[in-house]
Amino acid sequence: MSAAAIPMTSAEPGVLAVEAPLDGSALADGDWDRQCDVLVVGLGAAGGAAAIAAKEAGAEVLVAERFDGGGATIKSGGIVYLGGGTHIQKQAGVDDTPQAMFDYLRQESGDAVSESTLRAFCDDSLGLLEWLESIGVQFRSNPNPPKTSYPRNGTYYYYSGNEAVPAYAAHAKPAARGHRVMAPGIDSGRELYRALERRVDALGIPVLRQAAVRRLIVDAQGAVIGAEVHQLADGSAAQRQHRKLMRKAEKVHDFAGGWADRLRAKAAQIEQAHAKRLRIRVRRGVVLGAGGFIFNRTLLREVAPQYLPAMRLGATGCDGSGIRLGNSVGGEPSRMHKVSAWRFINPPTAWPKGIVVGPDGRRFCNEQVYGARLGVDMVEKAGGRAWLILDRRLRKTAMREALSGKLWFFQSVPAFFLMLFAPRARSAEALAAKLGMPADALRRTLDDYNASADGSRDDALGKSADMRARLDEPPYYALDIGAGKKSFPCPTITLGGLAVDDNGRVLRADGNVVGGLYAAGRSAVGIASNGYVSGLSLADCLWSGRRAGRHAAQRSN
């Protein structure tokens with residue numbers, strides 16, 4: 001899409017209104033409220049890594065965070081995609097190299113980033129792990145890394161992508177690379193952020209909280225030399241009320257989105273009424289690390305409307321404000337149509353042995369692939385509507401696992417009720433009639449799949465032999481796994497952002513850089529901007545944030 005196509009404002013609750021850039025060439029020294037070498041916008045994984053890297057490189061750093069900090073990182077599973085022979089892999093007896101990691105990720109990342117960027121990411125993976133551990137992030141190995149959507153408590157190393165799927169394994173030796181941050185319960189993402197925050201504090205980096213960057217300030221040549229920040233006064237009643245509203249909104253969003261939106265709208269009103277303007281002079285560079293734009297429905301409706309029925313995953317700050325700020329000074333958005341929808345059907349481990357069909361009664365994806373691949377194919381190829389077909393035997397096995405107490409509640413409870421209330425029938429034709437799909441198509445799909453399960457033919461979609469099972473014990477069950485299913489949410493994040501070069505500098509449409517401006521994480525196009533697997537976005541946020549922070553710190557005044 002062209003740079004001019006991004007709407008600067010949105011009617012969505014809580015979406016920050018970004019203003020046109022300010023010409024700073026006429027501002028006198030007294031017009032600036034603060035100065036710094038590097039200003040970082042947002043304090044999540046990308047912003048935290050950028051701030052730390054810039055400070056460690058000798059720059060005077062300031063962070064502007066619209067809320068309390070953490071962003072989508074706090075709400076993540078805390079998985080970091082690491083490989084190339086980490087000590088975690090070696091302890092598990094897993095053999096991996098940077099080349100094998102590159103060969104696999106080249107299939108996932110496509111042309112989202114240059115070969116040199118992807119190679120640097122893979123070659124630096126060991127260094128990224130060492131750095132994370134140096135700031136207090138803990139990982140742990142375990143034998144026989146499982147394949148699952150999210151490992152159960154006590155398991156911190158697992159297969160988090162498509163590495164073992166035959167189509168991928170044919171080009172790269174499989175290796176588990178999902179490194180989960182050690183933390184009690186499901187607090188791995190929060191613990192990762194806490195480690196970053198502790199390091200920011202230890203380095204003495206000042207953080208302006210409840211401080212939203214509403215516009216950038218440029219010089220006569222269009223280079224970024226500052227930013228206009230609107231902050232609620234520390235300790236004020238407005239700040240306390242704003243914090244209270246936003247904490248509640250983030251807490252209730254996953255099960256009461258409408259309520260959360262009303263809370264966001266009230267918080268935005270407080271910002272508009274009480275925030276005070278600060279002009280910050282930046283000597284070396286601004287780093288945008290403000291997340292993606294899944295909460296900006298106006299923008300999503302324009303670039304990828306087919307994903308609107310799915311669940312918004314992330315935090316309120318994922319409203320595209322970083323992307324829009326960069327766009328306002330000439331930065332070019334890219335791959336904005338790329339969205340990741342997560343339709344996980346493992347666990348229960350029996351589910352991927354069934355078949356997933358669209359409204360036409362045909363399969364559209366290998367069921368054993370990572371859930372984000374299945375979810376995207378469901379939206380792009382089947383209009384967001386799909387059913388998982390099981391027979392009595394597979395359903396019984398899956399029910400037993402769902403009731404075993406060995407799965408997370410967010411895995412077992414939805415799976416149990418989905419199977420409990422699923423439409424059923426004694427034949428494929430009768431089931432198709434209940435679902436409103438062509439009976440002959442579903443019958444052919446079932447017959448073809450059973451033939452591949454017998455080993456008499458290859459699976460049409462490349463499913464491994466050990467992941468196939470005959471569906472021949474009626475009744476047959478159809479589990480509604482569509483993108484808009486409220487009782488079985490399909491979490492969704494955006495992957496596109498500002499185009500950047502190999503140093504994280506924001507690019508214009510003509511390929512030239514916007515002077516003094518960097519972007520990282522989901523505010524930028526990165527390793528995960530073509531296809532997502534667990535841990536890849538967090539790893540990219542951390543890696544690209546460090547890259548941008550280091551380069552900005554070394555830029556000439």
Side-chain angles (χ1 to χ4, degrees), residues 14 16 40-52 63-81 132 135-139 150-151 153 156 178-201 205 207-212 242-257 260 263-264 267 289-295 311-319 321-322 340 342 408-410 489 491-494 520-523 528 532 534-542 544-545:
L16 183 68
V40 176
V41 182
L43 188 60
I52 294 167
V63 177
E65 162 58 45
R66 186 183 175 196
F67 304 110
D68 276 338
T73 300
I74 281 182
K75 306 182 85 171
S76 75
I79 309 299
V80 186
Y81 196 90
L132 287 169
I135 66 171
V137 181
Q138 297 182 34
F139 299 94
Y150 191 73
N153 212 16
Y156 293 97
H179 291 58
R180 177 183 162 207
V181 175
M182 285 185 62
I186 56 174
D187 275 347
S188 292
R190 186 174 295 274
E191 181 55 35
L192 173 61
Y193 170 70
R194 284 171 178 160
L196 292 167
E197 187 179 43
R198 286 193 296 266
R199 182 59 177 162
V200 167
D201 291 342
I205 301 171
V207 178
L208 304 178
R209 300 183 192 274
Q210 271 70 47
H242 182 271
R243 178 175 285 123
K244 180 179 178 180
L245 288 167
M246 289 312 305
R247 286 179 176 175
K248 175 67 74 173
E250 299 297 353
K251 184 177 294 185
V252 306
H253 169 77
D254 288 349
F255 61 88
L263 295 171
R264 292 182 180 106
F293 61 93
I294 195 63
F295 277 73
M311 171 187 169
R312 298 169 291 173
L313 181 66
T316 306
C318 300
D319 67 351
S321 59
S340 182
W342 303 354
W408 291 104
F409 71 95
F410 59 81
T492 308
I493 64 172
T494 58
R522 299 285 62 80
S523 289
Y532 175 88
S534 280
L536 193 57
S537 184
L538 271 183
D540 182 40
C541 286
L542 294 163
S544 65

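Values below: every heavy atom of this structure, side chains too, minus hydrogens, waters and symmetry copies.
Of all heavy-atom pairs spanning Asn153 and Trp408, the tightest one is N-CZ2, 3.5 Å. Annotation for Gly257 and Arg312: closest pair O-NH2, 4.0 Å, computed over non-hydrogen atoms. In this structure, Ile79 and Gly178 approach most closely via the heavy-atom pair CG2-CA, 4.0 Å. Contact record, Ile74 with Gly69: CD1-O, 3.6 Å, taken as the closest heavy-atom pair. The two residues Ala212 and Arg66 have their closest heavy-atom pair at CB-CG, 3.8 Å. Shown here for Arg522 and Ser537, the closest heavy-atom pair between the two residues is NH1-OG, 2.9 Å.
Note that OG of Ser523 and CZ of Phe293 are 10.5 Å apart. Values are rounded to the nearest 0.5 Å. Atoms CD1 and CD1, on Ile294 and Ile493 in that order, are 8.5 Å from each other to the nearest 0.5 Å. With rounding to the nearest 0.5 angstrom, the CZ atom of Phe139 is 9.0 Å from the OG atom of Ser188.
Salt bridge absent: Arg190 and Glu250 never bring a charged side-chain N and a carboxylate O closer than 4.0 Å. Taking the charged nitrogens against the carboxylate oxygens, Asp319 and Arg264 have no contact shorter than 4.0 Å, which rules out a salt bridge.
For CZ of Phe409, the number of neighbouring non-hydrogen atoms (other residues, nucleotides, ligands) closer than 6.0 Å is 12 at most.
Contact of the Asp68 side chain with the Arg243 side chain is registered, since non-hydrogen atoms from C-beta on lie closer than 4.5 Å. Looking at heavy atoms from C-beta onward, Ile205 lies in side-chain contact with Val63 at the 4.5 angstrom threshold. At a threshold of 4.5 Å between non-hydrogen side-chain atoms, the residues Pro151 and Arg180 count as touching. Using a 4.5 Å heavy-atom threshold, the side chains of Tyr81 and Asp540 count as separate.
Applying the side-chain hydrogen bond (donor to acceptor under 3.5 Å, both in side chains) rule to Glu191 yields the partners Arg198; only residues at least two apart in sequence or on another chain are considered. Taking Gln138 as the reference, nothing meets the side-chain hydrogen bond (donor to acceptor under 3.5 Å, both in side chains) condition, with sequence neighbours excluded.
In this structure, the side chain of Thr73 engages the main chain of Ala45 through a donor-acceptor pair within 3.5 Å. Between the His253 side chain and the Thr316 main chain, no donor and acceptor come within less than 3.5 Å of each other. Ser544 places a side-chain N or O within 3.5 Å of a backbone atom of Gly521 that can act as its donor or acceptor partner. With hydrogens and angles ignored, the 3.5 Å screen pairs a side-chain donor or acceptor of Tyr156 with a backbone N or O of Ala183.
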- side-chain contact (heavy atoms from CB on, under 4.5 Å) between Ser76 and Leu538, worked out: CA-CA 9 Å; Ser76 75; Leu538 271 183; 3.5 Å; yes
- For Arg194 and Val181, what are the C-alpha separation, side-chain angles and deciding distance, and is it a side-chain contact (heavy atoms from CB on, under 4.5 Å)? CA-CA 11 Å; Arg194 284 171 178 160; Val181 175; over 6 Å; no
- Does the side-chain contact (heavy atoms from CB on, under 4.5 Å) test come out yes or no for Leu43 and Phe67, once each step is laid out? CA-CA 9 Å; Leu43 188 60; Phe67 304 110; over 6 Å; no
- Stepwise side-chain contact (heavy atoms from CB on, under 4.5 Å) check, Leu313 with Lys75: CA-CA 8 Å; Leu313 181 66; Lys75 306 182 85 171; 5.8 Å; no
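With Ile52 as the partner, the side-chain contact (heavy atoms from CB on, under 4.5 Å) test is satisfied by one option alone out of Val40, Leu196, Leu542: Leu196.
A tilted orientation is assigned to the rings of Tyr150 and Phe410, their planes being inclined by 30° to 60°.
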